[in-house]
Asks: 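Sharing a structure below in structure tokens format, with a few things to ask.
The basis for the numbers below is simple: all heavy atoms, side chains too, and nothing from hydrogens, waters or symmetry mates. Lettering follows sequence order; numbering is per chain, from 1.
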Amino acid sequence: MTEQNAFIPLLLDWFAANKRDLPWRRAYDPYAVWVSEIMAQQTQMDRVVSYFNRFMELFPDIAALADAPEDAVLKAWEGLGYYSRARNLHAAAKRIMTAHGGVFPGELAAIRALPGIGDYTAGAVASIAFGRDAVAVDANVQRVLARACDIDVPVKEPAGKTRVMEIARALLPSSRAREYNEALMEFGALVCRPKNPDCAACPIAGACQAKHLGIVSDRPVLTKAKDITPLNVATGVLLHADRIFIQKRLAKGAWGNLWEFPGGRIEPGETPQAAVVREFREETAFATEVATKLAVIRHGYTTFRVTLHCFLLRLAGESNGNALPTPELTAAQQSRWVRPDELAGYAFPAGHRKLIDQFDGSLWL
DNA sequence: AATCCGTGGTC
DNA sequence: TGACCAAGGAT
């Protein structure tokens with residue numbers, strides 16, 4: 001791919017005139033750039049900004065983040081998904097305090113060695129925050145270069161990934177990596193979009209091979225998407241003596257270290273009501289019964305499409321007055337009986353958060 | 001290499 | 001409505 005680095009200056013000009021006014025672009029402070037890059041993984045910048053601003057208010061610098069309880073960091077991340085990012089961010093802040101004297105490292109290798117930072121993020125922070133000559137190849141860059149240079153192999157597979165990386169490195173204008181990387185990504189997000197790319201307004205259309213060949217919609221070459229699995233799940237809000245039972249999930253697996261209401265898959269032939277009672281018995285050893293059905297919530301996560309049946313539960317049989325029983329936990333690391341107004345302070349998976357926000361304490365007290 | 005890990009927006 | 005997909009990383 002030696003043909004055209006001719007379009008790079010056009011891209012840099014386009015970026016200078018069209019870049020969005022994002023908060024971390026004010027001073028390009030390494031901590032702010034780092035947080036923004038972690039938050040932006042597998043989502044879009046527009047969705048990140050409000051989280052970013054709140055995060056920086058709560059944890060204004062690396063020391064504040066390192067000193068914060070992990071629960072507080074996860075609460076600030078609630079709704080963003082991929083919560084290992086928040087756990088790794090927190091762990092990395094602690095490591096920067098101990099191993100780097102509280103100063104964010106400026107060398108590519110040192111950045112890459114931090115937990116939660118891979119090739120992309122290391123290149124992004126090194127270039128954007130420190131001006132290093134490093135590439136940052138994300139899905140935008142893959143798409144833009146696949147179209148501009150007509151890459152005919154899937155960019156998500158090793159061969160295509162390597163190809164894009166080589167091109168990106170070859171085109172990198174020395175000492176201008178920040179603008180270069182940001183320009184490629186911003187251009188991919190705003191003009192050279194996955195669907196409906198705005199070729200009519202494209203500043204590099206004249207140099208785009210896919211455009212020239214009339215195959216823009218065939219670039220990048222996509223790999224087949226994974227099948228979506230429907231999932232029926234039951235969960236229960238156990239209310240006793242004006243308290244609600246919640247448990248903290250295990251550190252590993254989905255929603256690690258977040259809080260939740262007990263529940264689980266509805267087995268074939270099983271009613272949602274039976275499932276929630278069974279799950280409560282298995283996860284807590286509590287004997288419960290359904291008081292009312294609260295809601296049916298639909299939401300997706302990774303490759304699943306969940307139908308979440310939500311119930312209000314009470315303890316079955318003689319409940320020993322207002323005493324709050326102690327569970328035998330099998331699927332959680334700890335549990336609490338909390339007042340309904342305290343639910344707002346805990347980080348829940350999105351499906352459970354939807355349930356909480358839907359009732360907001362109005363029904364269960 | 002393949003799988004896991006969330007969520008919400010878009011068309 | 002449902003399939004696709006986004007400033008990825010860890011194992």
Side-chain angles (χ1 to χ4, degrees), chain A residues 15 19-20 22 24-25 32-52 74 77-89 91-92 111-129 135-144 154-159 161 168 178 180-190 192-197 217 220 222-231 249-258 260 297-306 308 347-354:
Chain A
F15 180 64
K19 65 177 171 184
R20 288 172 289 188
L22 298 169
W24 50 89
R25 286 179 176 165
V33 171
W34 172 42
V35 171
S36 75
E37 289 298 340
I38 301 297
M39 277 191 177
Q41 288 171 11
Q42 294 299 101
T43 184
Q44 278 122 199
M45 283 303 186
D46 291 341
R47 223 174 108 56
V48 162
V49 174
S50 62
Y51 278 92
F52 174 86
L74 289 171
W77 210 268
E78 184 185 46
L80 270 180
Y82 288 134
Y83 297 94
S84 65
R85 295 181 297 163
R87 298 192 300 271
N88 282 331
L89 194 70
I111 298 170
R112 178 66 177 81
L114 293 170
I117 294 189
D119 289 337
Y120 162 75
T121 305
V125 175
S127 62
I128 294 170
V135 297
V137 175
D138 73 332
N140 287 303
V141 179
Q142 290 176 336
R143 184 173 58 257
V144 169
V155 295
K156 300 296 184 187
E157 292 178 6
K161 207 175 287 188
R178 170 196 285 170
Y180 171 75
N181 288 326
E182 283 198 293
L184 277 170
M185 292 190 277
E186 193 88 333
F187 177 72
L190 300 182
C192 197
R193 300 175 295 239
K195 296 177 184 174
N196 305 119
S217 62
L222 300 177
T223 53
K224 69 177 194 320
K226 288 204 60 180
D227 293 333
I228 300 298
T229 306
L231 213 54
R249 294 177 60 88
L250 302 176
K252 299 176 68 174
W255 304 292
N257 289 350
L258 270 72
E260 66 170 4
I297 292 172
R298 290 178 175 80
H299 69 109
Y301 74 94
T302 58
T303 59
F304 297 99
R305 175 150 194 82
V306 176
L308 183 64
F348 283 85
H352 289 195
R353 175 52 62 190
K354 285 180 190 173

Asks: Quick one, A:W24 and A:V48 - any side-chain contact, counting heavy atoms below 4.5 Å?
Replies: yes
Asks: What parts of residues 77-88 of chain A reach DNA chain C, counting only heavy atoms under 4.0 Å away?
Replies: none
Asks: Just call it for A:I38: base, sugar-phosphate, or nothing, with non-hydrogen atoms closer than 4.0 Å on any strand.
Replies: nothing
Asks: Can you sort out the partners of A:R25 under side chain to side chain donor-acceptor pair (under 3.5 Å), two or more places apart, ordered by chain and number?
Replies: A:E182, A:E186
Asks: Would you please name every residue forming a side chain to side chain contact (heavy atoms under 4.5 Å, CB included) with A:L74, sequence neighbours left out?
Replies: A:E70, A:Y83, A:A86, A:R87, A:N257, A:L258, A:A347
Asks: Going by the rule side chain to side chain donor-acceptor pair (under 3.5 Å), which residues pair with A:Q42 if we only count those two or more places apart in sequence or in a different chain?
Replies: none
Asks: I want to confirm an ordering. Mapping A:N196 and A:K354 to their closest nucleotides on DNA chain B, which one lands closer to the 5' end?
Replies: A:K354
Asks: Applying a 4.0 Å non-hydrogen cut-off, can you work out what A:E157 is touching in the nucleic acid: base, sugar-phosphate, or nothing?
Replies: nothing
Asks: How far, in whole Å, is B:dG8 from C:dG9 if one measures between their P atoms?
Replies: 22 Å
Asks: Excluding sequence neighbours, so at least two apart, what forms side chain to side chain contact (heavy atoms under 4.5 Å, CB included) with A:P115?
Replies: A:N88, A:A91, A:A92, A:R95
Asks: Quick one: list whatever passes side chain to side chain contact (heavy atoms under 4.5 Å, CB included) with A:S127, sequence neighbours left out.
Replies: A:A177, A:N181
Asks: Could you tell me which residues satisfy ring-ring contact (aromatic ring centres under 6.0 Å, His included) with A:F187, sequence neighbours excluded, listed by chain and number?
Replies: A:W14
Asks: For A:K156, what residues pass the side chain to side chain donor-acceptor pair (under 3.5 Å) criterion, not counting sequence neighbours?
Replies: A:Q142
Asks: With a 4.0 Å cut-off on heavy atoms, is A:D119 in touch with a base, just the backbone sugar-phosphate, or nothing at all?
Replies: sugar-phosphate
Asks: Between C1' on C:dA10 and NZ on A:K252, what's the gap in Å once rounded to a whole number?
Replies: 12 Å
Asks: Check whether the side chains of A:Q41 and A:Y120 place a donor and an acceptor atom closer than 3.5 Å, and report yes or no.
Replies: no
Asks: Got a sec, which residues hit ring-ring contact (aromatic ring centres under 6.0 Å, His included) with A:Y82, two or more places apart in sequence or on another chain?
Replies: none
Asks: Tell me: CD of A:Q142 to P of C:dA6, nearest whole Å?
Replies: 9 Å
Asks: How is A:T303 classified with respect to the nucleic acid when contacts are heavy atoms under 4.0 Å: base, sugar-phosphate, or nothing?
Replies: nothing
Asks: Is A:R178 touching bases, backbone alone, or none of the nucleic acid, heavy atoms closer than 4.0 Å?
Replies: nothing
Asks: Tell me: CD1 of A:I117 to P of C:dT11, nearest whole Å?
Replies: 14 Å
Asks: Is the phosphate of C:dA6 approached by A:Q42 (side-chain N or O, under 4.0 Å from OP1 or OP2)?
Replies: no
Asks: For A:N181, answer base if it contacts any base atom (sugar-phosphate contacts may also be present), sugar-phosphate if it contacts only those atoms, and nothing otherwise; contact means non-hydrogen atoms under 4.0 Å.
Replies: nothing
Asks: With sequence neighbours left out, write down each residue that passes side chain to side chain contact (heavy atoms under 4.5 Å, CB included) with A:A122, or none if nothing qualifies.
Replies: A:L108, A:I111, A:R112, A:I117
Asks: Contact class for A:G253 vs. all strands (heavy atom < 4.0 Å): base, sugar-phosphate, or nothing?
Replies: sugar-phosphate
Asks: Atom CZ in A:F348, atom NZ in A:K354: separation rounded to 0.5 Å?
Replies: 15.5 Å
Asks: Relative to the 5' end of DNA chain C, which residue comes earlier, A:E37 or A:P115, by the nucleotide with the nearest heavy atom?
Replies: A:E37
Asks: Find every protein N or O atom lying less than 3.5 Å from an N or O atom of nucleotides 1-5 of chain C, and list the pairs.
Replies:
none

Asks: Walk along DNA chain B from 5' to 3' and tell me the first and last nucleotide with an atom closer than 4.0 Å to a non-hydrogen atom of chain A.
Replies: B:dA1 to B:dC11
